[in-house]
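Lettering follows sequence order; numbering is per chain, from 1.
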Protein chains: 4
Amino acid sequence: MKTHRFTATQWHNVLGTLPAALTVASGDIVITETIDAHGFDKDGVQRAPEPNPMNGPIFVTGAEPGDALKIEILRMTPIRATGWTRAALAGNVVDPEFVRGLPPRDKANWRIDRQGLTATLEPAVPGLEDFVLPLEPMIGCFGVAPAGGQAFSTATSAENGGNMDYRGFGPGATVWFPVAVPGALFFVGDCHATQGDGEIVGTGIETCFEVEIRLTVEKGRSLVWPRGESADDIYSIGNARPLDQALQHATTDMFNWLTSDYGLSPKAASHLMGQVVRYDVGNVYDPAYTMVCRIAKKWLPKR
Amino acid sequence: MKTHRFTATQWHNVLGTLPAALTVASGDIVITETIDAHGFDKDGVQRAPEPNPMNGPIFVTGAEPGDALKIEILRMTPIRATGWTRAALAGNVVDPEFVRGLPPRDKANWRIDRQGLTATLEPAVPGLEDFVLPLEPMIGCFGVAPAGGQAFSTATSAENGGNMDYRGFGPGATVWFPVAVPGALFFVGDCHATQGDGEIVGTGIETCFEVEIRLTVEKGRSLVWPRGESADDIYSIGNARPLDQALQHATTDMFNWLTSDYGLSPKAASHLMGQVVRYDVGNVYDPAYTMVCRIAKKWLPKR
Amino acid sequence: MKTHRFTATQWHNVLGTLPAALTVASGDIVITETIDAHGFDKDGVQRAPEPNPMNGPIFVTGAEPGDALKIEILRMTPIRATGWTRAALAGNVVDPEFVRGLPPRDKANWRIDRQGLTATLEPAVPGLEDFVLPLEPMIGCFGVAPAGGQAFSTATSAENGGNMDYRGFGPGATVWFPVAVPGALFFVGDCHATQGDGEIVGTGIETCFEVEIRLTVEKGRSLVWPRGESADDIYSIGNARPLDQALQHATTDMFNWLTSDYGLSPKAASHLMGQVVRYDVGNVYDPAYTMVCRIAKKWLPKR
Amino acid sequence: MKTHRFTATQWHNVLGTLPAALTVASGDIVITETIDAHGFDKDGVQRAPEPNPMNGPIFVTGAEPGDALKIEILRMTPIRATGWTRAALAGNVVDPEFVRGLPPRDKANWRIDRQGLTATLEPAVPGLEDFVLPLEPMIGCFGVAPAGGQAFSTATSAENGGNMDYRGFGPGATVWFPVAVPGALFFVGDCHATQGDGEIVGTGIETCFEVEIRLTVEKGRSLVWPRGESADDIYSIGNARPLDQALQHATTDMFNWLTSDYGLSPKAASHLMGQVVRYDVGNVYDPAYTMVCRIAKKWLPKR
């Protein structure tokens with residue numbers, strides 16, 4: 001097991017089958033600095049165009065189609081004293097006629113206190129003078145190359161991951177992606193200092209992080225959608241529009257997970273999910289929305 | 001302030017402008033026993049047809065269109081030793097072609113331990129032998145008569161409340177409904193011993209409760225949608241299909257709440273919601289889905 | 001068979017179980033004058049509030065739950081020299097952020113030439129000086145009382161019909177509604193001089209008509225949704241949001257129609273529908289959208 | 001102006017920036033034989049894997065980002081005596097619980113009479129013995145490389161075209177695609193002998209055609225979505241899920257077309273569209289649905 005310090009020198013606006021920027025072994029750790037959603041680095045220099053320029057891809061030796069790539073998010077350290085957001089709700093999250101009255105989608109600036117681990121609007125916005133947010137870092141966009149020569153904009157997400165903007169993807173989370181090409185080709189970027197459910201202003205607090213992750217190949221998992229795990233929960237991810245379809249994907253995948261890996265019958269899986277399932281809204285802003293279907297580990301049968 | 005013990009002798013399958021079964025003053029408490037979603041009472045006798053027969057309506061003196069009816073859920077005591085659920089995920093919550101493989105939507109029985117406050121499948125389902133659920137009682141269907149002579153089936157929900165099946169509607173919750181007719185005409189029933197998010201098998205654990213609520217008129221609140229409050233949060237409710245539209249309604253209503261009652265500018269409300277909002281899925285089974293838009297009270301400006 | 005000249009003296013803004021304004025026998029003809037969507041009559045006098053005040057209900061002797069009420073639209077004669085529309089696309093039919101740039105939803109006036117059977121904007125709108133529309137009259141809102149004591153606003157539609165705003169509902173059309181209460185209780189109003197697909201400005205050309213219809217009870221048809229017939233086609237109707245669900249309802253109903261009434265196997269019905277089905281968008285503006293699933297009669301097996 | 005006979009030797013399952021298989025000048029004609037959706041050629045030999053293998057890409061000299069590529073479909077000649085379809089409605093076009101009862105999605109065979117220009121099920125399906133369909137050839141999947149290095153599966157569609165499965169895309173149609181890369185990189189394949197609206201069994205009659213098209217660059221058109229023209233109509237295309245969003249895209253694009261190219265004010269465009277617009281459902285089966293927004297040319301202002 002090796003730790004790689006990976007300094008990106010180019011960035012990508014698609015997740016696709018591109019030349020590897022780094023090759024690692026299964027189980028290796030990568031430490032890398034990400035730039036923000038508009039391509040600005042920790043020094044405020046634009047290094048790449050929007051949307052969501054990605055570090056990578058990272059080729060993981062031994063990863064083959066049908067495997068899963070496990071990503072453990074070990075650490076996210078903020079490396080810039082500023083972040084930005086949009087200053088208005090997105091048009092698609094309010095009633096259509098209500099859009100006429102929304103404020104303009106200006107950029108707003110935040111000061112990030114890297115010692116205190118907080119974020120505050122700068123200048124302050126009247127009425128929110130006391131609004132000091134604890135940092136809850138998360139990766140907005142990450143995933144692997146999709147199957148069959150496809151390449152998807154980092155604005156959106158699909159079976160291969162991508163711009164899911166789920167606030168659960170922070171330090172401590174483990175995420176599995178379905179490997180579709182040799183080496184998996186992992187991409188990462190677009191980190192947020194914090195974000196509400198749904199990313200309903202179209203942004204979290206967009207800034208730069210040093211991210212530390214471990215990449216491990218799990219052979220033959222045959223995933224369809226990304227899956228994740230936190231201290232308390234396992235969860236499946238659906239990416240699609242409308243939200244109803246994202247929920248259908250995530251629910252179907254959790255059902256398959258419980259019946260195949262946990263040995264539950266379809267009836268038992270239905271009972272379990274019916275009475276204890278939890279849903280989290282990842283994003284309702286990007287071209288594909290993200291819905292998370294969550295089960296507390298305490299309810300899972302022993303494997 | 002008076003406490004009424006209200007024994008229903010007839011039940012309704014619509015929320016509409018019907019003759020009052022009880023008249024109370026603003027601030028009064030009502031204690032009443034509900035029957036289950038299929039109309040069976042605590043003795044297992046069917047007293048009314050499905051769906052979701054309601055106790056009521058309760059006329060609250062002084063309530064006029066434009067007011068809000070505040071319902072405080074003070075207590076829910078289980079009064080039957082059995083409950084039931086459906087044994088399969090609903091077709092609309094999984095990928096369409098996956099429906100072919102779902103188990104039949106049989107009824108399953110649960111034993112409710114009223115001392116231990118738990119529920120267990122009876123007979124046990126293989127693989128779930130240790131599945132003992134703590135009771136988390138909630139009201140599946142409650143609300144007031146809608147405007148303009150409308151009457152809605154208790155299978156669905158709308159601006160007036162109804163069959164929202166949100167597991168947050170348990171003891172300790174306060175809910176406000178927009179009054180549309182004189183006296184508000186409040187209905188209640190369809191209580192669940194517990195339920196997962198989304199009510200994705202089409203039921204919670206359906207049983208009978210003794211419910212204790214306080215009904216209070218708040219003059220001139222001019223609500224559009226139901227709103228609620230828990231110990232930690234305020235929340236707005238949107239009822240519609242698809243889930244996207246339910247979310248739009250709830251988000252719009254929260255925005256209006258923050259700008260009108262909490263004095264935030266549209267820009268400040270956007271910033272607050274964008275970074276700290278939480279969404280809960282009420283139900284994704286009924287004709288209208290329910291989405292809840294939640295803000296922790298700690299983030300609210302002092303009024 | 002009798003012809004009734006029915007002069008409404010009150011109007012309703014819901015379709016529900018209300019006292020009959022007229023009783024007719026199966027097969028009778030009714031001639032009645034409708035008022036416009038905002039309740040203005042042929043003389044420009046407001047007789048009832050919006051939305052879509054209805055003439056009726058008409059009790060049809062012998063109609064019982066489980067029957068169908070067949071409505072033949074025999075004639076629609078314009079009886080006012082003016083109509084009105086909205087002057088902007090509705091917010092829900094364009095991309096959400098695009099709503100900010102839409103014109104205000106002002107009322108626009110049209111001159112209706114009852115001899116020439118045309119409609120023209122008055123005053124003329126620059127760029128549309130030559131825009132002379134032939135009248136294509138249609139009934140915007142009609143239907144029967146829904147089941148179980150429900151009552152639905154005339155703003156929306158459901159299994160019982162209502163505000164479907166489908167431009168196919170003009171002279172020559174035959175429409176069947178599922179009878180849910182004794183006498184069917186038929187309502188009619190909200191006629192349009194013409195309308196595009198989808199009613200995407202939120203109105204057709206709203207005006208008053210003398211409508212001549214024949215009402216016939218067909219015993220035991222057991223419909224779920226409205227169905228219709230034109231010279232060339234049969235069609236099923238789905239009313240719901242989103243459009244996807246309206247389409248699912250209409251498609252399911254057509255499949256059931258072909259397999260039950262036309263004796264096709266599920267496989268044969270699939271083949272027929274797959275290669276020759278047509279869809280019409282009724283409305284995409286009202287709370288429930290309307291999708292029409294159409295099959296040309298020439299493709300139907302002989303019964 | 002030159003006519004190219006283009007024989008594909010490899011096929012692609014994505015629309016992306018791939019090496020050109022043919023280079024033509026603006027205004028040139030290309031004649032090419034397509035293979036079917038599962039990759040079988042006119043001799044029944046599988047030449048490429050599913051889904052929808054494409055001929056191309058064709059590089060059109062002079063095409064640059066911001067231009068439009070105009071495709072005139074001049075001729076489609078059937079070149080195989082057989083076609084195939086699926087024998088059951090797709091799960092997503094019926095009510096979710098109804099999916100349980102659908103027939104299996106078997107492949108069915110059709111005989112194509114290339115003289116009589118008809119298609120018939122072979123063997124005949126009971127109840128459809130007289131079901132003889134006139135050929136109405138159409139291109140299921142065609143389009144250009146998308147922007148920014150993206151590559152999309154031929155199973156779906158987007159701003160760049162793709163698998164739209166709209167039955168209007170037959171001989172006589174003209175279609176414009178937004179050019180996103182130098183040379184446009186045009187792809188074509190997946191032709192159908194005929195198809196109902198929505199492609200609701202998941203296929204048209206899938207077969208092979210000799211297609212004759214003219215490719216012309218129109219400089220600086222700056223399209224967002226594909227647009228088309230038939231003898232009587234102009235139309236805009238929206239590709240997305242749900243159908244509501246596809247309709248929003250198409251409607252917004254038509255509004256932009258009328259206001260920018262035809263000089264109508266937003267108010268005039270609203271009036272025109274509101275009263276004369278027509279919608280066609282392209283497909284409601286593929287990952288992205290297709291909605292067509294159509295205006296008869298007779299209503300357009302003189303340019």
Notebook entry, point to check: Among C:Gly198, C:Pro103, C:Ala90, C:Pro96, who wins on heavy-atom pairs under 4.5 Å with chain D?
Noted result: C:Pro103
Check: Where does D:Val284 contact chain C at under 4.5 Å (heavy atoms): side chain, backbone, both or neither?
Finding: side chain
Item checked: Interchain contact, D:Thr85 with chain C, by part (heavy-atom threshold 4.5 Å) -> side chain
Item checked: D:His271 versus C:Phe131, closest heavy-atom pair with distance -> O-CE2, 4.1 Å
Item checked: Under 4.5 Å from a heavy atom of chain C, the part of D:Leu121 involved -> side chain
Item checked: Residue-level interface, residues 288-296 of chain C with chain D, non-hydrogen cut-off under 4.5 Å -> C:Tyr289, C:Met291
Check: Which answer fits D:Val276, side chain, backbone, both or neither, if we ask what part of it has an atom under 4.5 Å from a heavy atom of chain C?
Finding: both
Margin query: Is it true that, when you exclude C:Arg111 itself, more than 12 heavy atoms of the residues, nucleotides or ligands shown sit nearer than 6.0 Å to its CZ?
Written below: no
Item checked: chain C contact via D:Leu272 - which portion, at a heavy-atom distance below 4.5 Å -> both
Checklist line | Best-contacting candidate, D:Glu136, D:Gln195, D:Arg167, D:Glu129, against chain C by heavy atom pairs under 4.5 angstrom | finding: D:Arg167
Next item on the list: Give the minimum heavy-atom separation between C:Pro301 and D:Gly127, together with the two atoms involved.
Entry: CB-O, 4.1 Å
Check: So what's closer than 4.5 Å to chain C heavy atoms on D:Pro104: side chain, backbone, both or neither?
Finding: neither
Next item on the list: Name the member of C:Thr194, C:Val281, C:Thr252 that forms the most heavy-atom pairs with chain D at distances under 4.5 Å.
Entry: C:Thr252
Item checked: Euclidean distance, D:Met273 CE relative to C:Asp197 CG, rounded to 0.5 Å -> 11.0 Å
Item checked: Largest heavy-atom contact set with chain D, pairs under 4.5 Å, which of C:Leu128, C:Asp244, C:Val125 -> C:Asp244
Checklist line | side chain to side chain contact (heavy atoms under 4.5 Å, CB included) partner of C:Val94, the single match among D:Asp253, D:Thr251, D:Leu247 | finding: D:Thr251
Next item on the list: Just give me the residue among C:Leu133, C:Leu264, C:Asp280, C:Val132 that pairs up with chain D most often, heavy atom to heavy atom, under 4.5 Å.
Entry: C:Leu133
Checklist line | Contact origin within C:Tyr279 toward chain D - heavy atom pairs under 4.5 Å | finding: both
Next item on the list: Side chain from CB out, backbone as N, CA, C, O: work out which of these in C:Val93 comes under 4.5 Å of a heavy atom of chain D, or both, or neither.
Entry: both
Next item on the list: Return the option, out of D:Val201, D:Ile200, D:Asp95, D:Val277, with the maximum number of heavy-atom pairs under 4.5 Å with chain C.
Entry: D:Asp95
Note to self: Please rank D:Leu102, D:Asp106, D:Asp130, D:Asn256 by heavy-atom pairs under 4.5 Å with chain C and give me the top one.
What the structure shows: D:Asn256
Checklist line | Residue-level contacts of residues 229-243 of chain D with chain C, using a heavy-atom cutoff under 4.5 Å | finding: D:Pro242, D:Leu243
